[in-house]
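Down below is the structure, laid out as structure tokens.
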Amino acid sequence: MLAIFKREIKSLFHNVIGWLFIGVTLGLYGLYFFVYNLSYGYPYVSYSLSAISFMFMITVPILTMRVLAEEKHAKTDQLLFTSPVSMGKIVLGKYMALAAVYTICIGVICVSPLVLHVFGEVALLETYTAILGFWLYGLSCIAIGMFASSLTESQVISAVISFVLIFLGYMMSSLTSIGGSTGNIITKILNCYDLYQPMENFMNGTFPLVDLVYYISIIFLFLFFTYETLQKRRWSISKKMISTSVFSVGTIALCVAIVIAGNFGMSKIPTKYTEFDVTSKKIYSITDETKEYLKKLKEDITIYVYVDKKSKDKSVDKTLAKYDAASKHIDVEYINPSSNPKFAEKYSESGLNTNSVVVVCGDKFKVIDYGSEENSYVDSEIYEYTLDASSYSYVASGYDLEGQVTAALQYVTSETETVVYQLTGHDETSLSAAYTEVFDKQFITVNSLNLLQEDAVPKDCEALFITAPESDFSQDDVDKLQAYLDQGGALYVSLDYKNFEELKNIKKFLLNNDIATTESLVGENDKTYYYQNQFYLLPQVENTELSSQVAGTTSVFVPYSIGLEYTGDDEDACLTILKTSEDCFAKSYANLSKDRTEDEQEKLFQKEEGDVSGPFDLGLMITNDNGGKLLVLGSSYMFTENANEMVSGRNAKLFQGIVSGLVSTGDDQEAAVVIPAKDNSVSSITVSQRAILVYGLLWGIFMPLVSIVAGIVIWARRRKR
């Protein structure tokens, strides 16, 4: 076999074919690498590889057309047939030579992610998994091309057959979906020859053992077909031609059956054993919290995906497969809108958007909206979108399917409904989307409450949220709130410094519950406890049951906060959540509001006469004798979208802990499992213009040109001999 390999390698590089294949492959890759990765700054070479996958329809037929067809045409195949080398080793030796030429290209491509890594963060594991998929796809195409070459002595016909076979494998998914998916047996059989989709699975951040086995099977199968074709020709001059032919058909049928059985068996193994998430952010994995919840699940639940399988969102499909594999009580089904037009009417009066998910348990259900094609960036619950300033378009920056599905599972299996209220009537601020989502994921219903219209806080109120009131409470309001606390209620209050001086009754209410407040803003002198200016605080987050997820310094961002102080005697009744450093101060209203010249402006950020020295608390929770909880935060600005983005979502995590701590789940219930959205953004890398030029010329022009010129020179010199 080694002799055959060496002979074939020399043949490929003694003429222009091998050099041309390398040059064209590297040239096409270099072009897309220059545009996508170097110019646009995308850190994934999978974009470039996916874009050039069409080239195998052209390059592989040229590479393989002469490997056996020319031998047959020149009658030199008789030398092979009479050589002491077995037919299997002949086929394998020739294939290994072709594969070696292609692998040289892959070796050069493997260097490019390391080049990108110099200029920014590159997910190397995900990238090299994509290259592996591309390599396997190319090897499969080469095996197909080699089989085509064994069928004829004409190189042109060999190239045409190769093109047709590779084209069918590349386009099979599209061809079988023409006219709508029917899911019939013919379509399923044809899709067994879908060569492109397995490569896409490697490109999308997973390492699928099923697709690895599939490509190995394709390579083996077509090499076996090549072997049988040559073996039949070897014995065609024999008198036993008929019996040998029958034996070949039976052997081929048996081999095909074994391959089909092997791939079918692999497809039946749970995906948790065959598909591995190699994305750097574990986009397709489910968290340990979800896994623990699924282990305790007892009710049977069906998760419907409203889409034809041909048009499914691959990320959604991979995530739901994890749920299906993690619990025997979960069944995932795809509903084709074309064949089930009335399905949507059961769950939505306005209809369902394609790829939306419906979680159903008995009579209870929860719809997770995928979003419409026109406004998915507005109404999608699965993806979070942000505006890309460079392209003026919305891009998916967050992936929240796990959070939504886990919340939906808890909702449809819960027997009771948890209700909280937001106070209105005092110009309160509404919570932004990142924080109201916390309620949604804990299947908590949020209602509005105006105390002017109610005699008391409703009995079904698990917690009452008061966010930055700008006008003062009446004494009647205060009495109702105090009565709610004395009856064991839970009350959340966030303060706004701007009008706090005028809120006399609110101050009195807090003081009656052992919380004193500073007159105005808290400023920091310790540089480790603030960001940019002294009023942008980065306090110490205490390790409590409410804040354990974000405990530490510089963890949450608290801009413009009022200072708090516990005035009671029972230290066990007070839980400190946020705390300043020793070297801080609280501005007096007089110093904060007085007019200053430009020279005096910097004194605003320093302690002046009349200011009060710290330290202060910025977040406290007081528990009274009846179990009532009063949680007060000195800043209402910390729970805004901008503040949350400053610390990569940790402010929202703190709010999640606060909600979980205030909302009672009952003695026989466990705390809700809340999964935050996963960061799905692509961080661009910044490549200098000089580097773009150098590496672009190297990959796109120099290496391909050198390869092609070398091939032409070698070919020309051999012709002159």
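Along the sequence shown, residues carry numbers from 1.
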Are N642 and Y637 close enough, and set up right, to give a side-chain hydrogen bond (donor to acceptor under 3.5 Å, both in side chains), and what steps lead you there? CA-CA 9 Å; N642 289 336; Y637 297 93; over 6 Å; no
Check the pair T319, Y399 against side-chain hydrogen bond (donor to acceptor under 3.5 Å, both in side chains), reporting the backbone distance first and the verdict last. CA-CA 11 Å; T319 303; Y399 179 61; 2.7 Å; yes
For a side-chain contact (heavy atoms from CB on, under 4.5 Å) check, start with the C-alpha distance between L175 and L190, then their side-chain angles and the critical distance, and finish with the verdict. CA-CA 9 Å; L175 294 174; L190 290 175; over 6 Å; no
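Y284 and D317 form no side-chain donor-acceptor contact under 3.5 Å, judged by distance and modelled atom types alone. In this structure, a donor-acceptor pair under 3.5 Å is absent between the side chains of N191 and S173.
Here the side chain of S547 pairs no donor or acceptor atom with the backbone of L654 at under 3.5 angstrom. Formation of a donor-acceptor pair under 3.5 Å by the S50 side chain with backbone atoms of S46 is not found in this model. Remark: side-chain polar atoms of N353 are not paired, donor with acceptor, to backbone N or O of S356 under 3.5 angstrom. Between the side chain of K282 and the backbone N or O of D277 there is at least one donor-acceptor pair closer than 3.5 Å. With hydrogens and angles disregarded, no donor-acceptor distance shorter than 3.5 Å links the side chain of N644 to the backbone of T640. Here the side chain of Y214 pairs a donor or acceptor atom with the backbone of C192 at under 3.5 angstrom. The main-chain N or O of V405 is never found under 3.5 Å from a side-chain atom of K366 such that the two would form a donor-acceptor pair. Without hydrogens or angle criteria, N355 side chain to Y370 main chain gives no donor-acceptor distance under 3.5 Å. In this structure, the side chain of S636 does not engage the main chain of T467 through any donor-acceptor pair within 3.5 Å. Judged by distance alone, with hydrogens and angles left aside, the side-chain atoms of K322 form no donor-acceptor pair with the main-chain N or O of E402 at under 3.5 Å.
K629 has its side chain within reach of M621: a pair of non-hydrogen atoms, C-beta onward, lies under 4.5 Å apart. With a 4.5 Å cut-off on side-chain heavy atoms, L320 and V305 count as touching. Side-chain contact check for L491 versus F465: every heavy-atom pair is 4.5 Å or farther apart. L538 is not listed as a side-chain neighbour of V558, based on a closest heavy-atom distance of 4.5 Å or more. Contact annotation: the side chain of I301 approaches that of V412 to within less than 4.5 Å [non-hydrogen atoms, C-beta and beyond]. With a 4.5 Å cut-off on side-chain heavy atoms, K318 and N201 count as touching.
For the ring-ring contact (aromatic ring centres under 6.0 Å, His included) condition, the pairs that include at least one residue of residues 294-325, sequence neighbours left out, are Y304-F343, Y306-F343.
Screening I675, T406, L294 for a side chain to side chain contact (heavy atoms under 4.5 Å, CB included) with E289, the sole residue that qualifies is I675.
Classified by interplanar angle (parallel below 30°, tilted 30° to 60°, perpendicular above 60°), the ring pair Y531/F557 is perpendicular. Taking the six-membered ring for Trp and thresholds of 30 and 60 degrees, Y36 and Y42 have ring planes inclined between 30 and 60 degrees apart.
The residues E345 and K342 are annotated as not salt-bridged, no charged nitrogen and carboxylate oxygen being separated by less than 4.0 angstrom. Residues K480 and E454 are not paired through a salt bridge, judged by the lack of any N-O separation under 4.0 Å between the basic side chain and the carboxylate.
Y170 and F54 have their aromatic ring centers separated by at least 6.0 angstrom.
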